[in-house]
Amino acid sequence: MASKLTSREADYSKWYNELVVQADLAQHSDVKGCMVIKPYGFAIWERMKDVLDQMFKDTGHVNAYFPLFIPKSYLSQEADHVEGFAKECAVVTHYRLKNAEDGSGVVVDPDAKLEEELIVRPTSETIIWKTYKNWIQSYRDLPLLVNQWANVVRWEMRTRLFLRTTEFLWQEGHTAHETSEEAVAEARKMLDVYADFAEGWMAMPVLKGIKTANERFAGALDTYCIEAMMQDGKALQAGTSHFLGQNFARAFDVKFATRDGGQELVWATSWGVSTRLMGALIMTHSDDAGLVLPPKLAPIEVVLVPIYKGEDQMAEIVTALNGIAGDLKAAGIRVKVDDDDTKRSGWKFAEYELKGVPVRLAMGPRDFAGGTIEVARRDTQTKEIIDAAGIVQHVKELLDTIQQSLFDRAAKRTKETTTRVDSWEEFLAALDAGGFVEAHWDGTPETEDLIKQETKATIRCIPLTENHESGVCIRTGAPSEQRVVFARAY
RNA sequence: CGGGGCGUGGCCUAGUCCGGUUACGGCGCCUGGUUUGGGACCAGGAGAUCGCAGGUUCGAAUCCUGCCGCCCCGACCA
């Protein structure tokens with residue numbers, strides 16, 4: 001743990017990987033492309049999960065659980081969907097092992113071949129809609145608002161801790177509605193939930209928009225998304241919400257009796273965020289000293305560190321800190337008193353900075369005698385000595401200040417790196433500088449592909465905010481009615 | 001799947017070109033002592049089938065052959 005991080009400037013990618021490992025968030029597992037999420041990292045994910053889960057429930061959703069395995073035939077029922085996912089599916093073909101005849105271990109028993117292979121879910125639309133067929137008969141069964149917390153597997157070529165792993169954790173909402181309008185409204189509502197979570201809890205400003213046809217979810221009519229800007233100028237898709245139209249209802253024959261006695265296909269949405277949000281959180285706020293966490297998601301908001309010489313001093317200072325910790329806890333703050341006598345205080349300071357604990361309180365003999373305490377902010381790396389008597393109120397306000405300040409800092413950076421361009425030269429320069437680039441596009445997938453090929457930039461989204469404005473495509477010069485947002489992305 | 005790099009105690013690594021006693025060093029770990037307001041110091045200690053399998057040789061971490069795995073860069077993607 002004594003090592004220093006590579007700086008962001010020197011090698012952003014290396015900085016990220018080292019930070020994830022050294023802050024004890026996750027590590028590579030022995031299984032290629034898969035990671036072990038360590039307790040500290042998982043605690044952050046649990047916070048995210050708890051908050052989101054409550055937000056889903058507050059908007060009328062309930063949780064359920066569907067199988068990990070999907071019969072191969074289900075996946076092929078929706079043509080676009082299977083085309084989108086087929087290339088990255090793990091497939092179960094056998095159900096038994098046996099001892100190898102040469103004694104070298106176990107081998108797959110060829111006699112235990114499955115009649116129909118099972119796909120390890122890359123997403124659950126198919127098995128859920130197959131099930132919904134039996135759940136939905138009438139308009140009275142609608143809307144159906146279900147979410148599941150699960151793991152999924154997508155066999156990607158290249159992986160990165162949290163940002164793209166072969167197996168990842170996520171939630172997927174799958175809803176069924178009576179009308180197209182209602183389904184679109186649901187997709188938009190959940191996008192707002194995601195945006196509120198990102199901004200209000202992660203302190204991460206996001207751009208809400210709609211994906212172009214090229215970037216749309218396989219099987220969706222429309223994909224809404226939130227896009228965030230990372231410190232290295234690359235965009236990260238942080239959440240998606242899909243209007244699926246009647247595609248899955250058609251594929252799985254899910255019809256309902258309408259109010260006027262007819263039969264109609266159900267309208268659908270699906271929406272999800274994943275452990276990728278961990279990557280977003282890390283890359284939005286952290287610095288060269290380590291992780292920086294927004295207080296609202298920090299497993300430990302305040303750490304209290306005693307400084308002492310000898311056992312007597314230790315006893316009295318730890319007692320004082322325990323008292324303060326009790327008061328902070330009573331005020332609803334997540335605290336930890338680190339009275340581990342085998343680690344020195346300086347070591348602890350560095351350790352909690354690396355782990356992104358928002359506020360550190362330190363009390364030494366001088367403070368103890370004078371009734372003061374040292375308050376250190378992780379985000380600004382500043383310290384002040386204050387009167388210990390007013391500590392609870394001070395810390396409460398400080399945590400709010402830090403939460404807001406992290407958002408403001410990220411919002412300022414996102415704004416400053418967003419550029420509006422009207423020519424190809426400006427466009428190229430803006431991309432190299434990093435950040436979002438607002439530009440006109442002729443609306444064709446061909447031009448989008450061409451730009452992607454030439455610059456590695458993709459259209460992150462067509463912003464939802466009204467911004468109709470006539471112009472010409474930066475690449476082809478064809479007329480355009482609206483600017484779209486380009487960026488290089490993760 | 002293309003291009004590059006790398007496999008040596010838990011982690012990082014020297015040694016490999018040019019084969020030769022007991023495999024260098026650091027971090028971490030254990031014990032004892034001194035320390036403690038920003039990642040302490042001293043002394044002692046434990047811990048390694050040198051990725052795997054063959055081969056060459058009196059002798060292989062080192063040379064040869066085959067295999068496996070991982071990382072990075074690309075294409076693909078949440």
Side-chain angles (χ1 to χ4, degrees), chain A residues 1-5 11 13-14 16-18 21-22 27-34 83-89 104 122-123 150-172 194 211 214-218 220 223 225-228 235-242 270-280 289-290 305-311 313-314 317 340-355 360-370 372-374 376 381 383 385 449 452-453 456 458 460 489-490:
Chain A
M1 203 62 64
S3 43
K4 260 190 172 163
L5 287 174
D11 188 339
S13 179
K14 201 170 174 195
Y16 175 82
N17 283 326
E18 289 177 2
V21 171
Q22 288 186 33
Q27 65 183 61
H28 288 286
S29 75
D30 288 346
V31 182
K32 183 178 165 62
C34 295
E83 197 191 321
F85 286 105
K87 304 181 299 284
E88 51 189 46
C89 286
S104 62
T123 179
N151 57 338
V152 289
V153 167
R154 296 183 187 175
W155 215 268
E156 305 286 356
M157 294 295 171
R158 279 197 60 207
T159 58
R160 293 195 64 191
L161 292 167
F162 288 119
L163 296 174
R164 186 177 304 108
T165 46
T166 300
E167 177 190 14
F168 56 96
L169 305 183
W170 77 345
Q171 58 69 216
E172 45 182 328
Y194 288 156
K211 288 289 188 191
N214 281 359
E215 302 282 324
R216 197 178 284 155
F217 176 75
T223 287
C225 63
I226 52 172
E227 294 283 328
L236 183 75
Q237 179 175 303
T240 49
S241 181
H242 315 292
S270 68
W271 29 273
V273 295
S274 72
T275 34
R276 174 177 254 203
L277 286 181
M278 292 286 293
V305 178
I307 301 164
Y308 52 83
K309 292 177 192 169
E311 280 180 27
Q313 222 170 49
M314 172 180 168
I317 290 175
D340 183 349
D341 192 32
T342 69
K343 303 275 196 295
R344 295 154 55 90
S345 51
W347 189 92
K348 292 175 188 174
F349 294 168
E351 176 72 4
Y352 291 111
E353 269 159 25
L354 186 58
K355 289 191 164 180
R360 183 185 71 234
L361 301 180
M363 183 182 278
R366 290 202 298 272
D367 296 304
F368 185 76
T372 60
I373 193 160
E374 183 188 85
Q381 303 253 52
K383 296 193 280 199
I385 307 281
D449 276 338
K452 184 177 177 181
Q453 260 183 8
K456 289 181 188 158
T458 48
R460 301 319 301 160
Y490 277 96

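Chain letters run A, B, ... following the sequence lines, proteins first and then strands; every chain starts at 1. We use all heavy atoms of the structure for the numbers below, so side chains are in, but hydrogens, waters and symmetry mates are not.
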Could you pull out the protein-nucleic contacts involving nucleotides 30-35 of chain B (nitrogen or oxygen on both sides, under 3.5 Å)?
unit_1	atom_1	unit_2	atom_2	d
B:U35	O2	A:Arg344	NH1	3.0

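Base pairing of B:G38 is not made with any nucleotide, judged by Watson-Crick or G-U wobble geometry with both donor-acceptor distances under 3.5 Å. The nucleotide B:U31 finds its pairing partner in B:A43, both defining distances of the Watson-Crick or G-U wobble pair being shorter than 3.5 Å. Searching all strands for a Watson-Crick or G-U wobble partner of B:C17 with both distances below 3.5 Å returns nothing. Remark: B:C52 base-pairs with B:G66; criterion is Watson-Crick or G-U wobble with both hydrogen-bond distances under 3.5 Å. For B:G2, the paired base is B:C73 (Watson-Crick or G-U wobble, both distances below 3.5 Å). Both distances falling under 3.5 Å, in either a Watson-Crick or a G-U wobble arrangement, occur for no nucleotide opposite B:G9. Shown here, B:A23 forms no base pair; nothing in the strands shown gives a Watson-Crick or G-U wobble contact with both key distances under 3.5 Å.
If you take atom P in B:C24 and the same atom in B:U49, they sit 15 Å apart, rounded to whole Å.
For A:Ser270, the side chain to side chain donor-acceptor pair (under 3.5 Å) criterion is met by A:Glu125, not counting sequence neighbours. Under the salt bridge (charged side-chain N to carboxylate O under 4.0 Å, His left out) criterion, A:Glu353 pairs with A:Arg360, not counting sequence neighbours. Every residue two or more places apart in sequence or in another chain was checked for a side chain to side chain donor-acceptor pair (under 3.5 Å) with A:Thr159, and none qualifies. For the side chain to side chain donor-acceptor pair (under 3.5 Å) test, no residue two or more places apart in sequence or in another chain qualifies with A:Arg276. Applying the ring pair (Phe, Tyr, Trp, His ring centres under 6.0 Å) criterion to A:Phe168, with sequence neighbours excluded, gives A:Trp170.
Two residues, A:Arg366 and A:Gln237, neighbour RNA chain B, and the one matched to the more 5' nucleotide by heavy-atom proximity is A:Arg366. Taking the nucleotide of RNA chain B with the nearest heavy atom to each of A:Leu236 and A:Thr159, the more 5' of the two is matched to A:Thr159.
Spacing between atom NZ of A:Lys14 and atom C1' of B:C72 amounts to 11 Å, rounded to whole angstrom units. The NZ atom of A:Lys452 sits 8 Å away from the C1' atom of B:C76 (whole-angstrom rounding). In this entry the distance linking OH of A:Tyr352 with C1' of B:G39 reads 13 Å, nearest Å. Rounded to a whole Å, the CG atom of A:Leu161 is 9 Å from the P atom of B:C71.
Between the base of B:G38 and the side chain of A:Lys383 there is a donor-acceptor pair shorter than 3.5 Å.
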